[in-house]
Amino acid sequence: MNILLLGSGGREHAFSRAINQSKHFSRLFIAPGNAGTSNCGENVDLNPLKLDEVYSFCVENKIDLLIPGNEDPLVAGIVDFIESKNLEFGTSIKVAGPNKFCAQLEGSKDFAKAFMVKNAIPTALYKTFDATNIHESEDYLKTLTPPYVLKADGLAAGKGVIITSNFQEAVDTLNEMILGGMFGSASKSVVIEEFLDGIEISVFAIGDGENYRILASAKDYKRIFDGDLGPNTGGMGAISPVPFADEVFMSKVENEIIKPTFEGLRKEGNPFKGFLFLGLMNVAGQPKVIEYNVRMGDPETEAIFPRLKTDMIEMLLAIADGGVDQLALEIDNRTAATIFLVSGGYPGDIEKGKIIQIDETKNKENQFIYHAGTKLTNGEIVTNGGRVIAVTSLNSDIKSALSDSNELAELINFDGKFYRRDIGLDLLKYENESI
Ligand code: AMP
Ligand code: GLY
């Protein structure tokens with residue numbers, strides 16, 4: 001089984017490791033990959049958004065299965081593109097990911113909101129504005145209780161959501177987004193929505209077009225500093241599972257959100273194949289959708305995959321070929337705590353090229369190191385981005401998993417290393433409740 005994985009983050013290193021451990025593994029390419037993925041397969045200099053080049057690479061290297069790790073190629077329509085090439089040239093490259101229609105769930109907030117309303121999926125009230133109706137936006141904002149939530153319709157690298165309690169600031173920001181090109185073409189259209197007060201949680205599912213299965217829950221920590229302070233980042237850590245996601249909560253998530261999502265897409269003639277990521281707010285026990293993503297999360301993947309005992313290639317083939325319902329899905333009951341080690345100054349300007357020292361000799365069986373912003377230069381591993389390395393530990397509860405991850409974080413050193421010390425501490429009260 002020859003596989004091409006697109007991406008270069010901690011998520012892709014976690015995919016690579018799991019693929020390496022599969023009994024069906026033969027060859028893995030990662031485009032472009034990082035220093036960690038180069039130990040699991042061959043990193044290749046290929047731009048995932050150059051769809052023609054990706055297809056040619058697949059043909060030349062006899063790729064059986066393509067896995068888009070992040071959203072950009074999916075939203076650009078890589079699945080439809082490969083399928084049309086398969087038809088045209090008689091190739092049979094499988095892709096474990098959703099088509100362009102389904103990828104709009106992530107690629108357009110307006111599409112996602114309209115889909116949820118149509119399928120009665122619980123979410124915040126909203127209205128979409130662009131240059132043609134911006135004059136009505138102040139009246140709409142007045143109907144809402146602050147804080148105001150403004151979301152760029154298109155992909156904005158996780159930065160397209162602005163929340164402010166100040167009415168004038170909301171009006172000015174909306175103008176800046178729609179008319180001033182604050183997020184380029186991504187903010188030509190903006191969704192204004194009701195603020196949801198609660199605690200966030202992500203739930204992941206896989207689908208093969210006919211069937212779906214729930215993988216796991218996780219909580220992501222987005223702000224740079226302890227206590228959820230400071231600017232947003234790509235994610236500073238994660239915990240899986242989330243202790244308040246008990247049976248009652250998860251059955252609401254499944255029946256009110258996941259099932260109608262898969263059914264709704266099937267009814268539109270576009271069944272969902274791939275990983276579905278539900279960003280939810282738990283509003284007093286009621287899950288509501290904040291956002292859809294059509295791929296695994298980062299750093300949630302680094303917390304969930306160490307818990308997954310299922311053969312990764314079998315799971316990916318079940319997604320691509322069907323049979324997700326028959327899959328022997330097995331998840332470790334232990335808790336995973338993931339901490340991201342980031343470069344000094346992140347999420348602002350950072351310096352790359354710092355030498356990374358990793359003392360792997362003290363690693364335990366329950367500890368995992370996932371590279372993200374790293375690369376090999378003259379035989380040394382150096383920093384190559386804001387989020388550098390994610391460390392994960394599995395243990396019986398959050399505190400002990402966290403303590404193991406803190407230990408691991410101290411075995412890795414580079415100039416300017418920074419990480420949060422409070423990942424998961426907000427969840428301890430729920431963990432005690434559930435015992
Ligand atoms: P998103 O990029 O859609 O995940 O939004 C970024 C962050 O903004 C989320 O992780 C939430 O913390 C917050 N957020 C988004 N929508 C809402 C909402 N309707 N109410 C409260 N917070 C929100
Ligand atoms: N952890 C959030 C994301 O992957 O979008």
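Atoms within a ligand are numbered from 1 in the order they appear, just like the ligands themselves.
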Heavy atoms only: give me the nearest Asp298-Arg387 pair and the separation to one decimal.
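Taking Asp298 first and Arg387 second, the nearest heavy atoms are O-NH1, 3.3 Å.
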CD (Glu42) with more than 12 external heavy atoms under 6.0 Å:
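For Glu42, atom CD is crowded (more than 12 foreign heavy atoms under 6.0 Å).
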Carboxylate-amine/guanidinium contact [X] [Y], below 4.0 Å:
X	Y	answer
Glu291	Lys151	no
Asp153	Lys188	no
Arg11	Glu302	no

In this structure, is the centre-to-centre distance between the rings of Phe368 and Phe305 below 6.0 Å?
no
Would you please indicate yes or no on a ring centroid separation below 6.0 angstrom for Tyr419 and Phe340?
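Phe340 vs Tyr419: aromatic centres not under 6.0 Å.
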Those atoms of ligand 2 less than 4.0 Å from some heavy atom in Gly297
4 (O)
To the nearest 0.1 Å, how far is [atom] from its closest protein heavy atom, and which atom is that?
atom	answer
atom 5 (O) of ligand 1	Val161 CG2, 3.4 Å
atom 20 (N) of ligand 1	Leu196 N, 2.8 Å
atom 19 (N) of ligand 1	Glu193 OE2, 2.7 Å
atom 9 (C) of ligand 1	Glu200 OE1, 3.5 Å
atom 23 (C) of ligand 1	Ile163 CD1, 3.8 Å
atom 3 (O) of ligand 1	Lys109 NZ, 3.2 Å
atom 2 (C) of ligand 2	Asp220 OD2, 3.5 Å

Assess whether side chain to side chain donor-acceptor pair (under 3.5 Å) is satisfied between Ser393 and Asn366, documenting all intermediate values.
CA-CA 6 Å; Ser393 304; Asn366 64 332; 5.3 Å; no
Region of Glu194 that comes within reach of ligand 1 [heavy atoms, distance under 4.0 Å]:
backbone
Run the contact test for Asn232 against ligand 1 with a 4.0 Å cut-off on heavy atoms, strictly below, and give the result.
no
Is Asp298 close to ligand 2, meaning an N/O of one under 3.5 Å from an N/O of the other?
yes
Apply side chain to side chain donor-acceptor pair (under 3.5 Å) to Thr233 and Lys222, showing your working.
CA-CA 5 Å; Thr233 70; Lys222 291 200 167 109; over 6 Å; no
Could you list the atoms of ligand 1 found under 4.0 angstrom from a heavy atom of Lys222?
10 (O)
Met281 neighbourhood, listing ligand 1 atoms whose heavy-atom distance to it stays under 4.0 Å
21 (C), 22 (N)
Given Asp228, Asn293, Ile290, Asp197, which one has a non-hydrogen atom that is nearest to atom 15 (C) of ligand 1?
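Answer by nearest heavy atom: Ile290.
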Determine, counting only non-hydrogen atoms of the protein, whether one lies under 4.0 angstrom from atom 7 (C) of ligand 1.
no
Decide whether a cation-pi geometry holds between Lys219 and Tyr221; the criteria are a distance under 6.0 Å from NZ or CZ to the six-membered ring centre and an angle within 45° of the ring axis.
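Geometry flag: set, cation within 6.0 Å and 45°.
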Does ligand 2 have a heavy atom under 4.0 Å from the side chain of Arg295, from its backbone, from both, or from neither?
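Near ligand 2, Arg295 shows its side chain, while the N, CA, C and O stay back.
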Just let me know how Glu300 lines up against ligand 2, side chain, backbone, both or neither, with a heavy-atom cut-off below 4.0 Å.
side chain
Check the pair Asp311 / Ser22 against side chain to side chain donor-acceptor pair (under 3.5 Å), numbers first and verdict last.
CA-CA 5 Å; Asp311 186 288; Ser22 163; 2.8 Å; yes
